[in-house]
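Report on the structure given below.
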Amino acid sequence: MSHISSVKSLNAGQSAVRPSLTRTLFVTCIGNALEWFDIAVYGFFAAYIARAYFPTSDQTVSLLLAFGSFGVSFLIRPLGAIVLGAYADRAGRKASLLASISLMMVGSLLIVITPSYATLGLAAPLVILLARLIQGFSAGGEFGSSTAFLVEHFPERKAYIASWQFATQGASTLLASAFGLGLSQWLSETQLQDWGWRIPFAFGLLIGPVGLYIRRNIEEAESFVKSDKTASPLKTLFASQKSLLCMAVGLMVVSTAINYMLNYVPTYATKTLHFSGQIAFTATLLAGVILTVATPLMGLWAEKIGRLPLMWGSLVLLLVTIYPGFWLMTHYTTASSLIALVCWMALLKSVYFSAVPSMMADLFPVSTRASGMAIGYNIAVTVFGGFAPFICTLLITATGTSLAPSYYLMIVALLSLWALIKSQQSQR
């Protein structure tokens with residue numbers, strides 16, 4: 001009780017200042033941008049990272065080890081969601097946002113400065129794994145805290161303002177793709193392998209101090225300041241809101257699966273379909289443009305017609321078009337077919353993603369919102385996103401068909417349809 005009293009007295013003396021819409025978006029989205037930029041870069045440059053830190057005589061094994069470390073880092077994300085989400089519900093969204101961006105910077109620094117396996121030996125992949133674990137823990141609390149901050153400052157614009165969470169991811173994918181395309185053109189394969197792949201990670205590291213400075217100068221939303229706090233948001237969440245948590249996970253699974261499929265495209269296109277790296281990165285670059293531009297536009301549209309028509313429409317379209325899309329690409333293996341499929345997935349993701357953050361926020365009360373969103377989001381990302389490239393690589397190897405990724409996407413689309421139905425029922 002003493003902790004709750006101290007929080008209340010702090011809130012009583014704190015002025016709830018509502019910043020401009022633009023400033024609120026920038027403050028929250030810069031950390032999200034850093035998180036997803038590093039994730040996208042790791043996925044895009046996985047082949048180089050595999051050779052640098054996980055060298056074996058079999059390139060497929062090296063690649064599986066690199067994607068395995070990519071996926072294992074996501075195992076800690078639910079822990080980060082639990083710790084930082086509960087911290088956001090108790091101490092405030094600002095405190096959690098500062099902690100998450102600081103940890104992300106530490107992880108990025110380790111990736112930039114760690115020598116390769118040839119120089120450091122077994123310690124090299126262990127340091128990379130540690131860096132990814134730190135980043136995974138940090139990212140675990142970012143989404144819940146930042147989305148709660150957005151919708152609590154502007155509840156009347158929640159569909160639009162929360163859609164920027166995923167528009168930021170699109171911008172990060174766009175920037176990461178630009179680095180991949182530019183570096184593949186300007187540097188030789190040897191230069192890329194020796195040091196070139198580190199450049200985008202170094203760039204991402206520079207974003208951190210800017211975000212840290214800006215986040216120090218923000219205030220909590222009035223709805224959070226005036227709300228009743230609980231000393232144990234996790235206890236409340238798991239005792240009486242488990243069904244809401246399951247819905248939050250279900251709403252996210254198709255979104256995160258598509259996102260990581262887009263990150264997986266450069267490796268899939270070059271290793272399985274034998275496209276050049278330039279074509280693969282061009283496809284993901286265009287996907288980044290679509291995600292960045294279309295997502296906030298879909299958020300504006302959701303304000304006018306409602307979120308449910310957009311979510312239903314995108315899920316149904318994904319179910320009926322994703323297998324034919326992969327079939328056409330594998331039977332007519334051209335740059336145009338690859339780019340068309342990637343852009344179509346990006347567009348469907350934009351339509352669905354635009355409504356998901358505010359939909360998830362509405363599931364939970366203020367006292368457990370950051371925890372509920374963070375945990376739900378990161379369970380989905382860990383299980384259905386982080387291991388998506390690994391699962392798809394295994395599926396292709398096991399089935400002998402390059403259509404395997406479409407099976408995975410159809411399964412997760414059905415799971416999200418179930419969650420959407422349950423969410424509608426719970427809010428009636």
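Ion pairing between Arg157 and Glu303 holds under the 4.0 Å rule for side-chain N and carboxylate O. Using a 4.0 Å cut-off between a side-chain N of Lys or Arg and a carboxylate O of Asp or Glu, Lys94 and Glu152 do not qualify as a salt bridge.
The salt bridge (charged side-chain N to carboxylate O under 4.0 Å, His left out) pairs that include a residue from residues 325-336 number zero, where partners must be two or more places apart or lie in different chains.
By the neighbour-count criterion of 12 heavy atoms within 6.0 Å, atom OH of Tyr160 is densely surrounded, having more than that number from other residues, nucleotides or ligands. Around atom OH of Tyr48, more than 12 heavy atoms belonging to other residues, nucleotides or ligands sit under 6.0 Å away. Enclosure of atom OH in Tyr408 by more than 12 non-hydrogen atoms of other residues, nucleotides or ligands within 6.0 angstrom is indicated.
With contacts defined as side-chain heavy-atom distances shorter than 4.5 Å, the pair Gln241/Leu245 does not qualify. For the pair Ile375 and Leu234, the minimum side-chain heavy-atom distance is below 4.5 Å. A heavy-atom distance below 4.5 Å is not found between the side chains of Val254 and Leu415. Proximity of Arg132 to Ile111: side-chain heavy atoms (C-beta onward) are separated by under 4.5 Å at one or more points. A heavy-atom distance below 4.5 Å is not found between the side chains of Ile339 and Thr334. Side-chain contact check for Phe143 versus Val381: every heavy-atom pair is 4.5 Å or farther apart. A heavy-atom distance below 4.5 Å is found between the side chains of Ser146 and Gln165. A 4.5 Å side-chain heavy-atom check between Arg198 and Phe45 finds every atom pair outside the cut-off.
Note that CG of Leu212 is 11.0 Å distant from CG of Leu97, once rounded to the nearest 0.5 Å. The structure places OG of Ser423 at 7.0 Å from CE of Met311, a figure rounded to the nearest 0.5 Å. Expressed to the nearest 0.5 Å, how far CE of Met359 lies from OH of Tyr352 amounts to 8.5 Å. Separating the CZ atom in Phe201 from the CG atom in Leu206 is a distance of 14.0 Å, to the nearest 0.5 Å. To the nearest 0.5 angstrom, Ser108 atom OG is 11.0 Å from Leu103 atom CG. To the nearest 0.5 Å, atoms CZ (Phe154) and CD (Glu156) are separated by 7.0 Å.
Among all heavy-atom pairs drawn from Ser145 and Ala88, the shortest one is OG-CB, 3.3 Å. Nearest heavy-atom pair across Gly196 and Leu183 is O-CD1, 3.5 Å. Taking both residues in full, the closest heavy atoms of Ser371 and Asp89 are given as OG-OD2, 2.6 Å, listed atom of the first, atom of the second, then distance. When all heavy atoms of Leu251 and Ala419 are compared, the closest pair comes out as N-CB, 3.4 Å. Contact detail for Thr256 and Val253: the closest heavy-atom pair is CG2-O, 3.3 Å. In terms of heavy-atom proximity, Ser172 sits nearest to Ala33 at OG-O, 2.9 Å.
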For this session: Run the numbers on Arg23 and Asn217 for side chain to side chain contact (heavy atoms under 4.5 Å, CB included), then give the verdict.
Result: CA-CA 11 Å; Arg23 177 176 170 78; Asn217 298 285; 3.7 Å; yes

Can His153 and Ile161 be said to form a side chain to side chain contact (heavy atoms under 4.5 Å, CB included), step by step?
CA-CA 10 Å; His153 269 291; Ile161 195 170; 5.8 Å; no

Yes or no on side chain to side chain contact (heavy atoms under 4.5 Å, CB included) for Leu318 and Ile258, after CA distance, side-chain angles and deciding distance?
CA-CA 10 Å; Leu318 178 66; Ile258 294 176; 3.9 Å; yes

Item to check | CA sep, side-chain torsions, deciding dist, call: Asp362, Arg307, side chain to side chain contact (heavy atoms under 4.5 Å, CB included) | outcome: CA-CA 12 Å; Asp362 281 350; Arg307 296 172 296 192; 3.0 Å; yes

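Ring pair Tyr53/Trp197: centre-to-centre distance below 6.0 Å.
Thr147 places no side-chain N or O within donor-acceptor distance of the main-chain N or O of Gly144, the cut-off being under 3.5 Å.
Using cut-offs of 30° and 60° on the angle between ring planes, the pair Phe179 and Phe203 is tilted.
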